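Basis for what follows: all heavy atoms, side chains included, without hydrogens, waters or symmetry-related copies. Count residues from 1 along the sequence. Atoms within each ligand, like the ligands themselves, are counted from 1 in listed order. Quantities reported herein were computed from a predicted structural model and do not represent experimental measurements.
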Amino acid sequence: MSVNFRRPLISGNWKMNHNHFDAIQFVQKLAYLVTKEDFEVVDVSLNVPFTDIRSVQTLIDADELRFQLGAQHCHFEENGAFTGEVSAAMLSKLGVKTVIVGHSERREIFGESDETIYKKISAIVKCNMTPIICVGETQAERESGATEEKVLGQLRSALAQRSPEQVGKFVIAYEPIWAIGTGLTATAQDAQSVISAIRNEVLVLAGAEAAQSVRLQYGGSVKSSNIAEIMEQPDIDGVLVGGASLDPDEFARIVRYRLLA
Ligand code: PGA
């Protein structure tokens, strides 16, 4: 399973950064730095705050940009009395293509459970968008040798009873929690090892075709200085970038990683 024919997906997770004015400036600058040739070999998603979505969508449409509009969260119900929430249906109406789900910050700070995450994935799929499903272990779990147990447990919960066709279109991001925003990165080999275990588990859960086509990202302190080595790994099909996605110059270098190798 080492032949990598999947299109790489480089995703920028802005978290709670950049207002809609900043977002417009960012996208204009990035559009200038990333070329047509780049888009022939790589997909790029911009997972922006809710308040930026409409502005970025307008820009993407007007200038026919090839960035995929992305969100970072949604509610699993279509509508109703959920003060402050935004539904998957509302996002898809705005042209959103990918939604991050199960990020460790949402699990830890906002108490999202595996069950909530499961329902969110179902809502995202129902609206024909792609979930970017995050899984990852804490430092203590890694030190006690429980990395695979944790990561594969989260994966099994997210994928239970889904059709192979659905699973094959998913994006799964392995994000060791201890590497997020800390400057610490898993070595490319460690990331490859967990990510290949994820692919094997997808094989068990959803079959060979799904395992061949599901895209697996690494996330956690990715930057232009380590992207090339990460992307060289046979099972790594992309990256989910937080801090380093906030600067258009740095993010463009990451998107164009093949020129750095
Ligand atoms: P980081 O964040 O790149 O700042 O470590 C990654 C993420 O949380 O998705």
Side-chain angles (χ1 to χ4, degrees), residues 8-18 22-23 26 30 42-50 52-53 67-74 96-112 117 120-121 124 129-139 141-142 147 150-151 154-155 158 170-188 190-192 194-195 198 215-231 233 236-257 260:
L9 173 64
I10 311 295
S11 300
N13 173 13
W14 289 3
K15 308 193 179 181
M16 196 172 71
N17 294 290
H18 290 336
D22 303 331
F26 177 102
L30 190 68
V42 75
D43 290 337
V44 181
S45 80
L46 300 174
N47 295 79
V48 304
F50 288 143
D52 297 354
I53 288 177
F67 301 119
Q68 293 180 6
L69 186 54
Q72 304 168 14
H73 167 62
C74 66
V96 168
K97 302 284 183 271
T98 66
V99 185
I100 297 173
V101 55
H103 191 282
S104 58
E105 286 153 16
R106 300 247 22 129
R107 292 180 193 260
E108 286 182 356
I109 307 171
F110 302 100
E112 285 189 12
I117 290 160
K120 285 171 64 166
I121 297 168
I124 294 163
M129 298 184 292
T130 302
I132 298 180
I133 305 167
C134 303
V135 294
E137 83 286 5
T138 62
Q139 177 97 51
E141 286 160 343
R142 169 156 288 254
T147 298
K150 170 74 177 293
V151 165
Q154 290 176 329
L155 184 74
F170 285 178
V171 176
I172 297 162
Y174 167 55
E175 298 208 303
I177 295 168
W178 49 270
I180 294 177
T182 56
L184 300 170
T185 1
T187 65
D190 280 348
Q192 162 62 23
V194 178
I195 286 174
I198 292 175
R215 288 193 286 181
L216 304 182
Q217 292 179 318
Y218 167 77
S221 298
V222 172
K223 37 193 178 301
S224 59
S225 57
N226 57 25
I227 178 76
E229 200 193 351
I230 292 167
M231 291 303 293
Q233 305 304 314
I236 301 185
D237 308 315
V239 285
L240 181 55
V241 189
S245 75
L246 294 176
D247 171 42
D249 290 295
E250 173 65 355
F251 191 57
R253 284 192 286 272
I254 293 172
V255 168
R256 314 187 79 204
Y257 66 89
L260 298 167

remark   = Result for side-chain contact (heavy atoms from CB on, under 4.5 Å) between C134 and one of I180, I117, L240 points to L240

request  = Using distance alone, determine whether I180 and ligand 1 share an N or O pair under 3.5 Å.
outcome  = no

Looking at [X], which atoms of ligand 1 are within less than 4.0 Å of one of its heavy atoms?
X    : result
A179 : 5 (O)
G181 : 1 (P), 4 (O), 5 (O)
G243 : 1 (P), 3 (O), 4 (O)
H103 : 7 (C), 8 (O), 9 (O)
G220 : 5 (O)
K15  : 2 (O), 7 (C), 8 (O)
E175 : 6 (C), 7 (C), 8 (O), 9 (O)
S221 : 1 (P), 3 (O), 5 (O)

query = Can you list the steps and then say if E229 with Y257 is a side chain to side chain donor-acceptor pair (under 3.5 Å)?
reply = CA-CA 9 Å; E229 200 193 351; Y257 66 89; over 6 Å; no

key: atom 3 (O) of ligand 1: nearest protein contact (heavy atom, Å)   = G242 N, 2.9 Å

query = Do the rings of F26 and F251 sit parallel, tilted or perpendicular, given the 30° and 60° boundaries?
reply = tilted

task = Determine whether the side chains of H103 and E175 contain a donor N or O and an acceptor N or O closer than 3.5 Å.
result = yes

query = Are S11 and Q217 linked by a side-chain donor-acceptor pair shorter than 3.5 Å?
reply = yes

inquiry  = What I want to find out is whether D190 reaches R142 closely enough, with some N-O distance under 4.0 Å, to be called a salt bridge.
reply    = yes

Within 6.0 Å of NZ in K97, more than 12 heavy atoms from elsewhere = no

